[in-house]
There are 2 protein chains.
Amino acid sequence: MKQKTTLKQLSKELNVSVSTVSKALNNSSEISTKTIKRVKELAKLYGYKPNPVAVSLKRNKTFTIGILIPDILNHFFAKVLHGIEEQASLKGYKIITCLTNESLDKEKEYLEMLEYNKVDGIIAALSKETQVKEDFSHFKNFKSLDKPLVLFDRITDEIDCDKVLVDDQKAAQDVFEYLKEQNRKNIAVVSTLPHLSVIVARLQGVMTSANQTSTNVKTLMISETKDAESKINDFFKNESFDALIGLDETAASIAINAAKHYQVKIPKDLAIVGFTDGLLAKNAYPKMSVVSQHAIELGKNTVKILLERIENKTLKPKRFIQPTTLIKRASSE
Amino acid sequence: MKQKTTLKQLSKELNVSVSTVSKALNNSSEISTKTIKRVKELAKLYGYKPNPVAVSLKRNKTFTIGILIPDILNHFFAKVLHGIEEQASLKGYKIITCLTNESLDKEKEYLEMLEYNKVDGIIAALSKETQVKEDFSHFKNFKSLDKPLVLFDRITDEIDCDKVLVDDQKAAQDVFEYLKEQNRKNIAVVSTLPHLSVIVARLQGVMTSANQTSTNVKTLMISETKDAESKINDFFKNESFDALIGLDETAASIAINAAKHYQVKIPKDLAIVGFTDGLLAKNAYPKMSVVSQHAIELGKNTVKILLERIENKTLKPKRFIQPTTLIKRASSE
DNA sequence: CTGAAAGCGCTTACAG
DNA sequence: CTGAAAGCGCTTACAG
């Protein structure tokens, strides 16, 4: 087994003190350039790397960020995680990924674990249960430790911290206007996750545009995931519409299948637009138009904001709005 | 800011030494039950939690596992990660998730980072580039540190360590036999990732069964992901078959869309079976039959094996074969 | 410019 | 049964 080099070993070989070695490696101005050179050469030769555990203990800083993700099987979150990971590793931070599985209890548990493990900060999207029960005590508690917290996508006004969010309301308005421009008369809106803050915002966007244009909109909000399929099928049977906005990935995907089931022609008789540019949209038949939330970018931005905050705790909490793009594909044109 | 309680503070309040407090909290037999009780009560009152950074430094153990995942946007890996995370957190281990993005260089970088961060062990699936270039030096290097490594799904014989794998060959044989029982005569096999060890194994399974039954099989192996769609469409145009096995998620999904495009009736004129029970299969129309690799279970098992190895380094490396299940849905019956 | 010493928060072999 | 001391591998204020 290869032995890890330590400062002590280097100092012995170089006949200088451990302090000198440490300072030299950290480019301290106290040390002569000659010594610095000697030290660094030997360190390089031995492939010396400081033990991060010891550095953490001394500096009270772990270069670790805790991430709370509600559901990794959701493409949007997978992409955000991808972005977070990329940006964090670029800046020399590790991430501890915690999957809360949409559960409030797991969220509480993990938050405690992360606190206990001395992460330098936390990035989180609230679990579904947390948003439904509106229990944010654990986050408030965490905030009182004076450690930075950045909330993204699934957020709440109840917690005072940096927030990164998608402009869901505007995105939904864009979709609506796009469909109106196509002269679609009867617009339907479907979601399988009506309790989430993002879905509420999207619905609001649609409704705002609908009111402005005096358009009637049919909505189907399904709170029990398991009924989604039959409810959407019934909706297709009983209502008539020539455009459908799926406020979440699942809703749009089920709808496109329902259309096939009832042999509705897409996009001629029905235009479908979904949210989240994930696998389901790209592999749909026909390919689905969607609002892309630029999830990878969003993940990167979340990390940037957290690191700024770690460096400067006195900044005022801010909101960063991630712009969206409407990707037009065969399901709507 | 809330102040973290330390052993020193407790020892001062209790008028005993730091050593005694430490031993009491660790239930040392050296300490009187009375003292243990006193110490624990105060510790509880103050919500004392040992600083894991200090414990790690002392014990040379971080209770952290490094995870190398080639692509988190792939449903199979997302599910495995889910399982890993669940089992690890159950056993008090944190995970550091690294996404290699199918790149050999990133894999090397991360492996070094994980080593440097003193993880207690590593769980990895090889990146595509690693499998293509057959460069495993970084893993061999890591092994020489005497730290446990468990490889899952994407593995190689070149590295001597514990391995967890899906019985891909057998799974493919099961699929083939299932289709034969349905009296399907012309079986096609398609993959968009022919370089991966798992795909090779699946193809081998199909071929073995085909030889045994003297069945002719048409294969389409696409190595450039971007051509996949047009190649599969051409395949549909030029060849005729009444059953298709998609050796990966994408291949099966594109195939089912091609069938719709050419108005081939599923499952009457064409039965389709894919691999990986992911979103694409569940949301396909008609719903797709697939081989489920029980990814979540697989993730859990990987962690179990790693922790066994951490506790007993002298065990002989073993192979764990995760059984699969054929899930029959509307695309084939 | 260099080094001895203290300390981060723990654990544990040893002494009493 | 309890405690003093050493030590994990670093950093840094202080002295020289």
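Letters go in sequence order (proteins before strands), and every chain restarts at 1.
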Next on the checklist: Base, sugar-phosphate or nothing for A/Ser32? Non-hydrogen atoms, less than 4.0 Å.
Outcome noted: sugar-phosphate
Item to check | Partner of B/Pro70 under side chain to side chain contact (heavy atoms under 4.5 Å, CB included), chosen from B/Arg154, B/Lys106, B/Gln131 | outcome: B/Arg154
Next on the checklist: Counting runs of three or more consecutive pairs, Watson-Crick or G-U wobble, with each distance below 3.5 Å, where are the stems of DNA chain D?
Outcome noted: C:1-3 with D:14-16, C:5-12 with D:5-12, C:14-16 with D:1-3
Checklist entry - So, B/Asn27 versus B/Lys40: side-chain donor-acceptor pair below 3.5 Å or not? => result yes
Next on the checklist: Within the 3.5 Å criterion, strictly below it, is a donor on A/Thr20 or A/Ser17 matched to an acceptor on the partner's side chain?
Outcome noted: yes
Next on the checklist: Over all strands shown, is A/Ser56 touching base, sugar-phosphate only, or nothing at heavy-atom distances under 4.0 angstrom?
Outcome noted: nothing
Item to check | Option passing salt bridge (charged side-chain N to carboxylate O under 4.0 Å, His left out) with A/Asp162 (candidates A/Lys318, A/Arg309, A/Lys316) | outcome: A/Arg309
Checklist entry - With a 4.0 Å cut-off on heavy atoms, is B/Ser28 in touch with a base, just the backbone sugar-phosphate, or nothing at all? => result nothing
Next on the checklist: In this structure, how many angstroms lie between the C1' atom of C/dC1 and the NZ atom of A/Lys23, rounded?
Outcome noted: 9 Å
Checklist entry - Have B/His138 and B/Glu107 got a donor and an acceptor in their side chains that come within less than 3.5 Å? => result yes
Checklist outcome for this item: Separation of D/dG3 atom C1' from B/Asn15 atom CG, nearest Å, is 13 Å
Checklist entry - Between A/Asp135 and A/Ser137, is any side-chain donor less than 3.5 angstrom from a side-chain acceptor? => result yes
I'd like a table of atom pairs between the protein and nucleotides 6-10 of chain D - only N or O on both sides, under 3.5 Å - with the distance next to each one.
residue	atom	partner	partner atom	Å
D/dG7	N2	B/Lys58	NZ	2.8
D/dG7	N3	B/Lys58	NZ	2.8
D/dC10	OP1	A/Tyr48	OH	3.0
D/dC10	OP1	A/Asn51	N	3.1
D/dC10	OP2	A/Leu7	N	3.0
D/dC10	O5'	A/Tyr48	OH	3.2

Checklist entry - Closer to the 5' end of DNA chain D via nearest nucleotide, is it A/Glu30 or B/Ser17? => result B/Ser17
Next on the checklist: Could you check whether B/Ser32 and B/Thr35, counting side-chain N and O atoms only, form a donor-acceptor pair closer than 3.5 Å?
Outcome noted: yes
Checklist entry - For B/Ile31 and C/dT12, what is the distance between atoms CD1 and P respectively, to the nearest whole Å? => result 13 Å
Checklist entry - What pair of heavy atoms forms the shortest contact from B/Thr5 to B/Tyr46, and how long is it? => result OG1-O, 3.3 Å
Item to check | B/Tyr110 side chain to A/Ser89 side chain, donor-acceptor N/O pair below 3.5 angstrom | outcome: yes
Checklist entry - Would one find a side-chain N or O of B/Thr35 under 4.0 angstrom from OP1 or OP2 of D/dT2? => result yes
